[in-house]
> 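Dumping the structure here so I can ask a few things about it.
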Amino acid sequence: MKLSLCVVAYNEEERLPALLSDIAGQSYPKKNTELLLIDGGSGDGTRKQMEQFARDYGEKYAGILVLDNPGKILSCGWNVALVHFTGDAILRVDAHSHIPSDFIEKNVETLQGGEMVSGGARPVVCEGEKGWQRTLLLAEESLFGSSISSFRRNEERAYVKSLFHGAYRREVFEAVGGFREDLGRTEDNEIHYRIRKKGYRLCMSPDIRSYQYIRPTLGKMCRQKYGNGYWIGLTAGVCPGCLSLYYFVPGAFIGGIVLTTIAALCGIYWPALLMWGAYLLLAVTMAMLAVRGKKKSPSQFLLPVLFFLLHISYGAGTWLGLVKMPFWRRHHRSCPSVERVKEQMKHGRETA
């Protein structure tokens with residue numbers, strides 16, 4: 001099987017060399033691997049690193065393409081890859097990730113076993129060993145601090161609703177079309193929803209594993225959560241079926257804060273006491289579970305505070321997205337990139 005591996009990057013000169021090294025060390029034959037390295041107009045050395053890798057390894061692979069992503073965001077970059085890849089299947093990898101040496105091989109084995117879409121667990125890791133970074137990692141790893149998405153920690157073969165680093169047979173995108181380019185963070189949820197509606201199943205294999213690096217500071221992590229929540233709020237207006245209820249829990253938490261505060265100002269204190277008591281108990285309990293068996297550091301005492309800040313960031317983003325959603329939806333009921341990419345893929349096959 002000819003496998004096309006796609007990496008979309010924007011200003012990733014610090015992390016990209018390690019990922020390119022991971023790619024070069026893959027056990028799957030390079031002559032059966034096509035690489036698509038897509039740059040979103042980076043202002044650092046990202047594109048130069050891509051071009052240097054293409055010069056160094058070009059003859060070893062079935063092909064290496066360094067392409068431009070004028071739209072900058074991931075969904076636009078994935079569509080660039082869909083239009084240009086020539087393999088039997090395409091495998092997407094985030095630039096801020098680490099992949100083991102058997103990553104491509106295990107995905108190909110799953111696809112050749114009869115699956116149309118494959119993927120695996122994607123735990124999070126941190127780049128440093130400092131106590132504070134390890135504490136941020138504990139907050140991101142926790143069910144309470146992050147999410148219950150199966151791709152984060154699933155250890156059994158299963159059919160799931162969404163995958164992070166997925167491999168897809170060409171037929172899948174020829175049937176469902178491209179990514180919505182008007183979605184900034186939820187393009188995966190939306191396209192996986194369309195894939196499932198077309199009757200395809202997303203197979204998560206325990207043999208496949210990849211890793212994503214967490215944001216290295218609390219500020220960047222909170223901004224990430226805020227952005228995620230914001231796009232959840234907007235996406236609810238165009239594809240509510242692709243979102244699970246747990247995405248809205250942080251927003252509901254903020255709603256609870258507002259309502260219990262109003263009640264307290266009116267002299268009714270028990271709802272606030274009940275909510276905050278339950279939240280504090282759960283936050284402390286989850287913090288204790290997060291540090292169990294881990295090397296201890298003083299910063300771990302701040303885990304309940306970190307949980308709170310992440311929830312507030314995500315929830316605030318969700319509410320802003322929901323407020324803007326009715327106006328945003330007027331211009332985004334559909335997205336032309338979905339059908340455009342489908343037609344371009346069809347035309348490419350006809351002229352191949």
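Nothing here was measured: the structure is a model prediction, and the numbers come from that model.
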> Applying side-chain hydrogen bond (donor to acceptor under 3.5 Å, both in side chains), can you list everything that pairs with E105, at least two apart in sequence or on another chain?
S27

> Show the atom names and distances, to 0.1 Å, of all donor-acceptor pairs under 3.5 Å that link a side chain in residues 257-273 to residues at least two apart or in another chain.
residue, atom, partner, partner atom, Å
T260, OG1, G256, O, 2.7
T260, OG1, I257, O, 3.2
T261, OG1, I257, O, 2.6

> When the side chains of residues 179-186 are checked against the rest of the protein, which donor-acceptor pairs come out under 3.5 Å, sequence neighbours left out?
residue, atom, partner, partner atom, Å
R180, NE, D182, OD1, 3.0
R180, NH2, D182, OD2, 2.7
R180, NH2, H332, O, 2.7
E181, OE2, N79, ND2, 2.9
E181, OE2, R340, NH2, 2.9
D182, OD2, H332, ND1, 3.1
R185, NH1, Q224, O, 3.0
R185, NH1, N228, OD1, 2.8
T186, OG1, T235, OG1, 2.5

> Say whether, by atom type as modelled, one donor and one acceptor occur between the side chain of E34 and the main chain of K2 under 3.5 angstrom.
no

> May I have the list of side-chain donor-acceptor pairs in residues 274-291 shorter than 3.5 Å, sequence neighbours left out?
residue, atom, partner, partner atom, Å
Y279, OH, F308, N, 3.3
Y279, OH, H311, ND1, 2.8
T285, OG1, L281, O, 2.7

> Provide the full list of side-chain hydrogen bond (donor to acceptor under 3.5 Å, both in side chains) pairs with a residue in residues 59-76, sequence neighbours left out, each pair given once.
R47-D68

> Is there side-chain contact between R196 and K161, with at least one heavy-atom pair below 4.5 Å?
yes

> According to side-chain hydrogen bond (donor to acceptor under 3.5 Å, both in side chains), who are the partners of D188, at least two apart in sequence or on a separate chain?
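D188 satisfies side-chain hydrogen bond (donor to acceptor under 3.5 Å, both in side chains) with R92 once adjacent residues are dropped.
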
> Evaluate the side-chain proximity of C6 to L91: yes if any heavy-atom separation is below 4.5 Å, no if none is.
no

> With Y200, which residues qualify under side-chain hydrogen bond (donor to acceptor under 3.5 Å, both in side chains), at least two apart?
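Counting only residues at least two positions away or on another chain, Y200 forms a side-chain hydrogen bond (donor to acceptor under 3.5 Å, both in side chains) with E171.
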
> Does D94 have any side-chain hydrogen bond (donor to acceptor under 3.5 Å, both in side chains) partners at least two apart in sequence or in another chain, and if so, which?
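For D94, no residue satisfies side-chain hydrogen bond (donor to acceptor under 3.5 Å, both in side chains) once neighbours in sequence are set aside.
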
> Applying salt bridge (Lys or Arg N to Asp or Glu O under 4.0 Å), can you list everything that pairs with K342, at least two apart in sequence or on another chain?
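Expected list: E339.
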
> Between Y314 and Y226, is the ring centroid distance below 6.0 Å?
no

> With ILVMFWY side chains joined below 4.5 Å, transitively, what does Y159's cluster contain besides itself?
none

> Give me the other members of the hydrophobic cluster that Y211 sits in, counting Ile, Leu, Val, Met, Phe, Trp and Tyr linked by side-chain heavy atoms under 4.5 Å, directly or via other members.
V125, Y213

> Which atom pair, heavy atoms only, marks the closest approach of N107 to S118?
OD1-OG, 2.7 Å

> Tell me, please, which residues at least two apart from R169 pass salt bridge (Lys or Arg N to Asp or Glu O under 4.0 Å).
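Salt bridge (Lys or Arg N to Asp or Glu O under 4.0 Å) check on R169 returns nothing, list empty.
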
